[in-house]
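What follows is one structure encoded as structure tokens, with my remarks underneath.
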Amino acid sequence: GGRARGGGSTTSLAAEWRAHSAAWEACARAPDCDPWNTTEAHLLIDRTRASIPDPDLINGAPPPGVAGVSAGSPGRPWSEEPTHKMLEYVGRQPVETGVSTMYAVWYNSRRVMERTPIHVHPETQFTCILNGTLMFIAEGMETKNYTTGQCYVMPGMTKMVSVNVGDAPYVDVDIFRVSAGSVPWIVVEPSALWMQTTQFGQKDEGVSPRHGQLASIYVDIHV
């Protein structure tokens, strides 16, 4: 991983996220600890941002397009109604073995030449394009275009953007695996930090954690 501006490296930050996941799990099992109201994740977001050099550049250059907020799913045929919410997820309740994990699906849509803000994912993630064409730009990787029916992997702790280079709004679907205590993404672009909570619902909506309860599936929208 790259060197952090404040010391350390993105590799050490990734290890710190994994350690925080274990701490989150231990807290969730303790009757006097509320893992949903700790500040560790927020502090880790701040430290992760501080570790990323040139947060307004990827491969030494500003990415094309304008950072914009995802419009979520535009509705049919992808979802019954337009929605910003998760399509489906497994709640992050403690499980009997290993670290509990949220498996989540989100729709995203942006207008022509809009893009995601420059961001990183604490963990490697995966997305598929349902309609349109996206240019994927990531630090240290070859820039590539992906179109309807294609999928690509987004490496963990790597600066990246996806730019709508098609002739109409795109629709993609993120299929994410987010460990306990982690977050789906961390926006690092200085002018777009306010977008941190605009793309992903980062709480397990509709599911109340119960100590010792096994993870259960909650479906928000059927397709």
Side-chain angles (χ1 to χ4, degrees), residues 1-18 20 41-71 106 108-129 132-148 150-179 182-200 202:
R3 297 300 299 175
R5 287 182 292 171
S9 68
T10 53
T11 300
S12 67
L13 260 297
E16 193 171 352
W17 274 104
R18 288 193 294 272
H20 174 61
H42 297 289
L43 294 174
L44 271 173
I45 287 173
D46 289 341
R47 285 200 291 276
T48 300
R49 285 173 173 162
S51 77
I52 303 296
D54 301 320
D56 54 347
L57 306 175
I58 300 180
N59 296 323
V66 177
V69 175
S70 169
W106 287 277
N108 298 294
S109 180
R110 287 178 174 84
R111 294 173 294 185
V112 175
M113 289 312 296
E114 280 191 341
R115 60 170 173 81
T116 59
I118 300 173
H119 63 282
V120 301
H121 298 284
E123 301 162 292
T124 297
Q125 304 295 359
F126 182 78
T127 195
C128 294
I129 300 171
T133 303
L134 285 179
M135 176 186 290
F136 179 59
I137 307 171
E139 188 73 22
M141 297 177 62
E142 177 186 1
T143 296
K144 294 185 67 174
N145 286 0
Y146 295 90
T147 190
T148 303
Q150 294 183 316
C151 304
Y152 58 92
V153 171
M154 298 171 286
M157 299 302 293
T158 302
K159 287 189 296 184
M160 64 185 67
V161 295
S162 297
V163 189
N164 182 0
V165 294
D167 57 6
Y170 74 87
V171 180
D172 72 4
V173 59
D174 291 331
I175 304 127
F176 280 12
R177 177 184 180 276
V178 184
S179 296
S182 190
V183 290
W185 72 347
I186 300 172
V187 176
V188 301
E189 186 170 350
S191 63
L193 299 183
W194 63 273
M195 295 185 187
Q196 174 67 34
T197 58
T198 60
Q199 180 147 324
F200 303 105
Q202 296 185 58

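Residues take their numbers from the sequence shown, with the count starting at 1.
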Using a 4.5 Å cut-off on heavy atoms from C-beta on, say whether the side chain of His119 contacts that of Glu189.
no

Are Pro184 and Glu123 close enough that some pair of their side-chain heavy atoms sits under 4.5 Å apart?
no

Between the main-chain N or O of Arg177 and the side-chain N or O of Gln125, is there a donor-acceptor pair closer than 3.5 Å?
yes

Pairs meeting criterion side chain to side chain donor-acceptor pair (under 3.5 Å) with involvement of residues 150-162, two or more places apart:
Tyr152-Ser162

Taking Pro169's backbone N and O only, do any of them form a donor-acceptor pair with Arg110's side chain (distance below 3.5 Å, no angle check)?
no

Is there a side-chain contact between Ile45 and Gln196, using heavy atoms and a 4.5 Å cut-off?
yes

Kindly state whether the ring of His121 and the ring of Trp185 have centres lying under 6.0 angstrom apart.
no

Is the shortest heavy-atom distance from the side chain of Pro64 to the side chain of Ile137 under 4.5 Å?
yes

Do Val153 and Thr124 pass the side-chain contact (heavy atoms from CB on, under 4.5 Å) test, and can you show the C-alpha distance, the side-chain angles, and the key distance before you say yes or no?
CA-CA 7 Å; Val153 171; Thr124 297; 3.4 Å; yes

Restricting to side-chain hydrogen bond (donor to acceptor under 3.5 Å, both in side chains), what partner residues turn up for Asp172, sequence neighbours left out?
Asn108

Atom of Met157, atom of Pro122 and distance for their closest heavy-atom approach
SD-CA, 3.8 Å

A side-chain contact here means heavy atoms from C-beta on lying under 4.5 Å apart; do Ile186 and Arg49 qualify?
yes

Partner of Met135 by side-chain contact (heavy atoms from CB on, under 4.5 Å), out of Asn164, Val161, Val163:
Val163

Would you say Cys128 and Ile175 make side-chain contact, with heavy atoms under 4.5 Å?
yes

Show me the pairs that pass side chain to side chain donor-acceptor pair (under 3.5 Å) and involve residues 139-148, at least two apart or across chains.
Thr133-Thr147

To check you understand the geometry: which heavy-atom pair defines the closest contact between Arg115 and Gly65, and what is its length?
NE-O, 3.5 Å

Under the side-chain contact (heavy atoms from CB on, under 4.5 Å) test against Ile118, which residue among Pro190, Pro55, Pro63 passes?
Pro63

Any side-chain heavy-atom pair of Thr127 and Cys151 under 4.5 Å
no

Are the side chains of Phe126 and Phe176 in touch, meaning some heavy atoms are under 4.5 Å apart?
no

